[in-house]
Each structure stands twice: as structure tokens, then as C-alpha cells.
Number of protein chains: 2
Amino acid sequence: MAARHEEIAEALRRAIDREDYTVGSLLPPETELAARYGVSRGTVRQAVATLTAEGLIGSRQGARRVVLAGRRSQSFAELRSFAQWARAMGREATGRVITQEWRTATAEDRVRLQLDPGARVLHVLRLRGLDGQPVLLERTVYADWISPAVEHIEADCPSVTQRLLDDTGLVFAYGEHVIDAVAAGARDAELLAVRRTSPLLRVRRVTTTREGRPVEWSDDRYRPDAVSFSVHNSIGNNALARKTAE
Amino acid sequence: MAARHEEIAEALRRAIDREDYTVGSLLPPETELAARYGVSRGTVRQAVATLTAEGLIGSRQGARRVVLAGRRSQSFAELRSFAQWARAMGREATGRVITQEWRTATAEDRVRLQLDPGARVLHVLRLRGLDGQPVLLERTVYADWISPAVEHIEADCPSVTQRLLDDTGLVFAYGEHVIDAVAAGARDAELLAVRRTSPLLRVRRVTTTREGRPVEWSDDRYRPDAVSFSVHNSIGNNALARKTAE
DNA sequence: GTGGAGCACTTGTCTGAACAAGTTGGCCTC
DNA sequence: GAGGCCAACTTGTTCAGACAAGTGCTCCAC
């Protein structure tokens, strides 16, 4: 936390948390906040823009900003790492590799991961749990250039993301997620301890490095009684988009 | 489209669409863009910040911005209105009210919609389709102050959002969405023309006005073979958050 | 050739100022 | 009392400049 605008954003978040500003109430004007924190109006605007993007407050020209949400659905709960997310919630994440094998990249793999023809990719089927309960089945395909580092990670490593960061310095920086629902197959049902045909929440995602290079793509299936997703959107900020089947 | 920074954002979007900048390539430096469009660096930064939030480009201090995604998953495809979204995709939206009735607000209704005890709310069950195929079943509860306007809308109105805007000037400005999966019940199955227990994608949402006042909350169930959702997130921008069951 | 130092380049942060545009509430008129 | 107009307030847009901080490349020494 170096930047002044981040400090101010955090101070405002805490104030909302503390209910200094309750849901539905109005935030002070920018000029007042600028004076209070001893910064220029631009810096305050940067701070409140962050909160607006997070969905905590609403903003429109001419009117004072309004507090939209109170409970801080821990937005630092990173989507990047299952283990980091679990720890942030005070839960313990477990992970276990079920199967792991090398295959030649299919046409779909090559498109999603920007690979050359004939590249060898690593397919990993991993079961993940929260406090001992299985909640997520991941079918992940890793790009050829990162697969060797993934291959030798022990089967019960709780955080692959952290492990890759420590070993190779790799950071998962961007992700594209497509969400739908599927019926559990026989394998899914057995591993997740649900009945066959019971509904699962599916997230297909592609993760890329800071440079924009795809690292992995994955078909993740969650037990919907254990995990859900939440998105905030506003008139000027459409993070979530509806899609039709291709 | 009045603001200069929006024009520049749109110009850059089109350039990425046209593949003037291909996926993985680098965007010109801010100073060069500023010179090209005859604006200050701050205005360019506002434009590229928009594209960064949309997930089209990646940004990090010291390095040139990189193009992350090419295909413009029409991000103006509003999440606010099913009908507007369908039209933007060149599809025809239909809607039909199945049941509609007044009830006294439950405790849950009062919390979600910020209502006083004893308020009367309107429950509407609405089936929506794309090009004649049923794809979405909406169970919506409208706040007492807007329900009278909703009550008299004809049963087959294709766009309730548009209708409320025309009739009352109401704008749906903010939304909080929680996404999971459920098995189709008997009623769901019959109306959506799927087998009972087949998986449905469920979105529970609360919509508010520009002033931050809740208008409606809804349990929407989509046929996952027809509709999915997509979200982009990045290291500094977590629109999507994972949640555990309460 | 390998590693490190250094440098040019690029993005991030912040200021202070000015004007545009939308909102809100009060006042005045009819 | 109802309606409309206006003025104060507040957020949105844009500018020009300065410095901080991270990246990536070249070049040099070993």
C-alpha cells in the first residue's frame, strides 16, 4: 500500500464497513474529502473510482455519491488461486491430483494457448476441497512451456499457483471466465460425492501471464451447494456479459 | 458519445477489432497516442483505463500495454435488459407472464428491497425466449413503490425494462448478481422444455436505481445449453468473486 | 558468454486549475 | 397550492507539468 489514492480508498472502505457511512447514505463531496486527506481532487477521484468499480458506491454527475453496499464481500478474495481464496475466508484448502498425462495439443488447445502444431501439453485432473469436503473438480491443460514445472509438483500440493510463483516466478495476471451449468457425469459424481446428473456449476477459464501469454485453460466444476460466484455491475461498468451458445 | 476519452476508447476498440493491433502485440505509448489524437496524456490514460477494465488490454508499470483479447464480445450487450441484449445480438426476445400476484413482503423481501414491515410486493413468474425457444424463467419480486407500474404491463411485453423507462423514467443502474446451478424442478422443466433434474444456471440478482434504491430482486434460471456468462478479471480488477454457501 | 550496471523508455502518481454538465432545493409567480 | 425557473452545489472532463517507479535493452567487464 504505497499510493496515496489506495490508502484513501482503503480508509473509505473501512469507514463504510464501520457504518460511518450506512447503505443508502451519501458520501462527502470530493472537495471535502480532498481537504480532509490533504490531497488534490484528482487523487480523491482515483480513490472513489476504485470503490465504484468494486460496486461499493454509486456515482453520477451532479449528485453526491451514494453508498450501495455495506458488507465487504472480501473483494481481495482472489479468483486467481483456490488456496489463497480459501485462506482469506479462514478455510483450509486441500488438493489432490487424480490423473496427470502428456498429450499432443489438439486444435482447440493450440487456439486457446497460442501453441505451435505438435506441441505437447500436460492434462491434469485435480480434486480440491474445503475443510475436507470435495467441492471442485479441475480439468486443466497447461501450455508446453510451463508443463515441466507443473509435472513435478507433488500430488497433494494445496496451492499450485503459489508453487509456480515460488519455483518459476510465474504470476497469473489475467483471466477470462465462461460460466454455465452441466449435469455431473459418472466420474464427476464419484469424485465430488454427489449423485449422477446432479447440477454442477462449470467455469471454463483461460489464464494468462502479465505479458498476455496464455498459461493454462481449465474446465472447473463446482458443487453449487458449496460455492457460488458473485458479480457487481453498473450502468458504466459491464464486467459480466451474457453469451449465447456458439 | 460526447467525451473525448470515450471517442478515443472506441477508436482503439475498433482498431483492435480490425486487427490493426493483433492479440499479443503492443499498443503505442501514451505519449504517441496523445499526439495522434491531439489530447493530453491524462485523457489517453482515461481511454486505455476503460479498455483495461473491459479486459481488452493488459497494463503494467514500465512496460508497453499488451492486447489481450481480440473478438469484441459485444460489451455493450447490457446485462440490464434481456430484450436489449437479444436485439444487440440480432435475436428476437419474447416474454410471457405465467403468474402474477400480490403478497405481503417476507423478511427476506424486506431486507433485499429495503421495505417497511407489511409492505405489499408483486411476484411475477415470467418465461422468456430467444427466437421462439424458451431459455429463461424469471421469478421476480418488485418493490411496493414500483409494483403498480409493473402490474398493468401486458403479459407478453418483450421488454419490461424499456417499458418501465418509458412509463416512469425508471433506470436500472446497478446490479448485484450471485450465480450458481440448480436442478430443474417440475415447474421449471415443463416451462423450459427440459427434463426434470436437468441442470439450470441460476442468477439471483438485486437491481437498484441510480439513487441506490432497490427496485426488484429475481431468481433467474437459464437453460445452460442456450446461455452462459462471461467475466474478465485481472490482477487489479476483481469483478468476479467466489463465494461459499452461507 | 555470462552477469551486472546503466540508460532510455514507458507507465503510475499527483498537483492545481478551469470549465462543462447534471442535480437539488428553494423561491417566486400564477 | 402547483408549477416553473434559477442558483448553489457536485461530479465529469481536460490540460500541462513534474517526478517516481518498473521494464527491457545495450554495452561493458570479467
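Every chain is numbered from 1 and lettered A, B, ... according to where its sequence line falls, protein lines coming before strand lines.
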Under 4.0 Å, heavy atoms only, any strand: does [X] hit a base, just the sugar-phosphate, or nothing?
X      : result
R65(A) : sugar-phosphate
T31(B) : nothing
R41(B) : base
R60(A) : sugar-phosphate

> Does a nitrogen or oxygen in the side chain of T43(A) sit under 4.0 Å from OP1 or OP2 of dT13(C)?
Replying inline: no
>> Using OP1 and OP2 only, check whether a side-chain N or O of Q61(A) sits under 4.0 Å from dA20(C).
In response: no
> Is D220(A) paired with R205(A) through a side-chain N to carboxylate O contact shorter than 4.0 Å?
Replying inline: yes
Between [X] and [Y]: side-chain donor-acceptor atoms closer than 3.5 Å:
X       : Y       : value
T140(A) : E216(A) : no
R213(A) : T208(A) : no
E151(B) : W102(B) : yes
R120(B) : T104(B) : yes
S147(B) : D144(B) : no

> Between F229(B) and Y222(B), does the ring centroid distance fall short of 6.0 Å?
Replying inline: yes
Quick one: [X] [atom1] to [N] [atom2], roughly how many Å, whole number?
X      : N       : atom1 : atom2 : value
E6(B)  : dA21(C) : CD    : C1'   : 13 Å
H5(B)  : dT13(D) : NE2   : C1'   : 7 Å
Q46(A) : dG12(D) : CD    : P     : 14 Å
Y37(A) : dT13(C) : OH    : P     : 18 Å
L26(B) : dC9(C)  : CG    : P     : 16 Å
E30(B) : dT13(C) : CD    : C1'   : 12 Å
E7(B)  : dG12(D) : CD    : P     : 19 Å

> Is the number of heavy atoms from other residues, nucleotides or ligands within 6.0 Å of CD (E92(A)) greater than 12?
Replying inline: no
Side chain of [X] - closest among [options]:
X      : options                   : result
A63(A) : dT23(C), dT13(D), dC14(C) : dT23(C)
S40(B) : dA16(D), dT15(C), dT13(C) : dA16(D)
R45(B) : dG16(C), dT11(D), dT13(C) : dT13(C)
R64(A) : dT10(D), dT15(C), dG12(C) : dT10(D)

> Taking for each residue the nucleotide of DNA chain C with the nearest heavy atom, is it P28(B) or G42(A) whose nucleotide lies nearer the 5' end?
Replying inline: P28(B)
> Between the axis at one end of the helix from dG1(C)-dC30(D) to dC30(C)-dG1(D) and the axis at the other (five pairs apiece), what's the angle to 10 degrees?
Replying inline: 10°
